[in-house]
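Naming: A, B, ... by sequence-line order, numbering from 1 per chain.
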Protein chains: 2
Amino acid sequence: MRERHRHNQCIKNALEKAERVCAEKSLRLTPTRRKVLELIWQSHKPIKAYDLLNQLSSDEHIEKPPTVYRALDFLLKNHLIHKIASHNAYVGCEVNHDEMDSKFFICDQCAEVKEVCEPKLDRSLLEASKKQGFIPNQTTIEIHGTCAKCAR
Amino acid sequence: MRERHRHNQCIKNALEKAERVCAEKSLRLTPTRRKVLELIWQSHKPIKAYDLLNQLSSDEHIEKPPTVYRALDFLLKNHLIHKIASHNAYVGCEVNHDEMDSKFFICDQCAEVKEVCEPKLDRSLLEASKKQGFIPNQTTIEIHGTCAKCAR
DNA sequence: GTATAGAATGTTATATTATAACAGTTTATC
DNA sequence: GATAAACTGTTATAATATAACATTCTATAC
Ligand SMILES: [Zn+2]
Ligand SMILES: [Zn+2]
Ligand SMILES: [Zn+2]
Ligand SMILES: [Zn+2]
């Protein structure tokens, strides 16, 4: 998380946004889906499916994989989270997805992920696609390296 | 494979390139490593580790996972193949890796993968990174969509 | 040529990630 | 309150990948 980052507020915002998006599209943000989204935002870093599963579980009740994978499917489909393919991990969506696909800057030191929408980058990607005669549909753009904070 | 593509020659070229690269760097392209690379090029599409494992195995002898994963590690480390993270599959390297990281155009119809090095795209990526204060190290750029052939 | 160390392979077991299949329950709509 | 669709529970299993340790091969030094 960035400095001066009010994380409780940040989680609250994410959940409110999810409520809003779901209300608009008549989708059901059921307790499990909401809880999974909350856990993902609590981490605020890419988190693995089985870590979520552990956090969902308690001494009394162990959740099973389909529970978390179904929630992840729902959240992914509705752009409330993203999967970081290079890590098999899931991260909350930081932007509005009217726009093109996101790009992710992933710090290999602190694991923080920054999601960006860069129209310039989109244009370059479209141009490169055109050059190949390729019609892009969905992109996986994951840039690993060192974030500004860790570089200092 | 592209039209007019002489696939036997293409496999031969890939293996010769591997021999050359390994000779230059005093690396050992052992029979298993060579065989795995050959199987990857025979497919000429992203191929999964366990499919390789099956193809490596015979009725007399079933190979075990570490055999193929070790070969894959060697080939990946030396840029002779790449992993397509969004598919957990492996594909032969088509370019020379003095250059920056590759980008992959992946056709969701025919599964063909085109690896490209686009300096323009690299510049856009660097620019976007700079804007974030981010120092890029390694990129995963996978563009899914429809290739020129399938679009016709 | 043999000793040695490092690289590579063989082998068993297990960890990690994800889905199939089917039964049961809840929710919205008529 | 009947109906269909969506959601959840549960068991099992598939698919992907690595740990750990024993053994064999290879290159180089003596
Ligand atoms: Zn936060
Ligand atoms: Zn997003
Ligand atoms: Zn070919
Ligand atoms: Zn390459």
> Just how far, in rounded Å, is C1' of D/dT18 from CD of B/Glu63?
17 Å

> Between B/Lys48 and D/dT16, is there a side-chain N or O to OP1/OP2 distance below 4.0 Å?
yes

> Assign B/Arg70 to base, sugar-phosphate, or nothing according to its heavy-atom contacts below 4.0 angstrom with the strands shown.
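Here B/Arg70 touches the bases of the nucleic acid.
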
> Given that B/Asp51 and B/Arg28 both sit by DNA chain D, which one's nearest nucleotide is further toward the 5' end?
B/Asp51

> Please lay out, stage by stage, how B/Glu16 and B/Lys12 fare under the test salt bridge (Lys or Arg N to Asp or Glu O under 4.0 Å).
CA-CA 6 Å; B/Glu16 275 170 7; B/Lys12 196 157 158 280; 3.6 Å; yes

> Rounded to whole angstroms, how far apart are CZ on B/Arg33 and C1' on C/dT9?
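The answer, rounded to whole Å, is 10 Å.
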
> Please report, rounded to the nearest Å, how far the P atom of C/dT17 is from the NE2 atom of A/His87.
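So the two atoms are 11 Å apart, to the nearest Å.
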
> Could you tell me how far apart B/Leu29 (CG) and D/dT26 (C1') are, to the nearest whole angstrom?
16 Å

> Does the side chain of A/Lys64 get closer than 4.0 angstrom to OP1 or OP2 of D/dG9 through an N or O atom?
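For A/Lys64, the contact criterion (side-chain N or O under 4.0 Å from OP1 or OP2 of D/dG9) is not met.
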
> Between D/dT10, C/dT11, D/dT18, which one does the side chain of A/Pro66 approach most closely?
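Nucleotide nearest to A/Pro66's side chain: D/dT10.
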
> Looking at A/Tyr69, does any N or O in its side chain come under 4.0 Å of the phosphate oxygens OP1/OP2 on C/dA18?
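A/Tyr69 to C/dA18 OP1/OP2: side-chain N or O found under 4.0 Å.
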
> Would you mind reading off the distance between B/Leu72 atom CG and D/dT16 atom P, rounded to a whole angstrom?
12 Å

> Could you tell me whether the phosphate oxygens of C/dT17, OP1 or OP2, come under 4.0 Å of any side-chain nitrogen or oxygen in B/Asn88?
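For C/dT17, neither OP1 nor OP2 has a side-chain N or O of B/Asn88 closer than 4.0 Å.
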
> Does a nitrogen or oxygen in the side chain of A/Thr30 sit under 4.0 Å from OP1 or OP2 of D/dT8?
yes

> Quick one: which of C/dA18, D/dT18, D/dT10 gets closest to the side chain of A/Pro65?
C/dA18

> How many Å lie between CZ on B/Arg34 and C1' on C/dT9, as a whole number?
19 Å

> Can you tell me how far P of C/dA8 sits from NZ of B/Lys35, to the nearest Å?
21 Å

> Rounded to whole angstroms, how far apart are CG on B/Leu52 and P on D/dT16?
11 Å

> Look at all strands and tell whether A/Phe74 reaches a base, only sugar-phosphate, or nothing, counting heavy atoms closer than 4.0 Å.
nothing

> Strictly distance-based, threshold 3.5 Å: is any side-chain N or O of B/Asp51 a donor or acceptor partner for the main-chain N or O of B/Ile47?
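Not a single qualifying donor-acceptor pair exists.
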
> Is any side-chain N of the basic residue among B/Lys131 and A/Glu118 closer than 4.0 Å to the acidic one's carboxylate O?
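A salt bridge links B/Lys131 with A/Glu118.
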
> Are B/Tyr90 and B/His82, when compared by the centres of their aromatic rings, separated by less than 6.0 Å?
no

> Tell whether B/Tyr50 reaches the base of D/dA14 with its side chain through a donor-acceptor pair below 3.5 angstrom.
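No pair found.
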
> Can we say A/Arg34 and A/Glu19 salt-bridge, meaning some charged N sits less than 4.0 Å from an Asp/Glu carboxylate O?
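Salt bridge: yes.
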
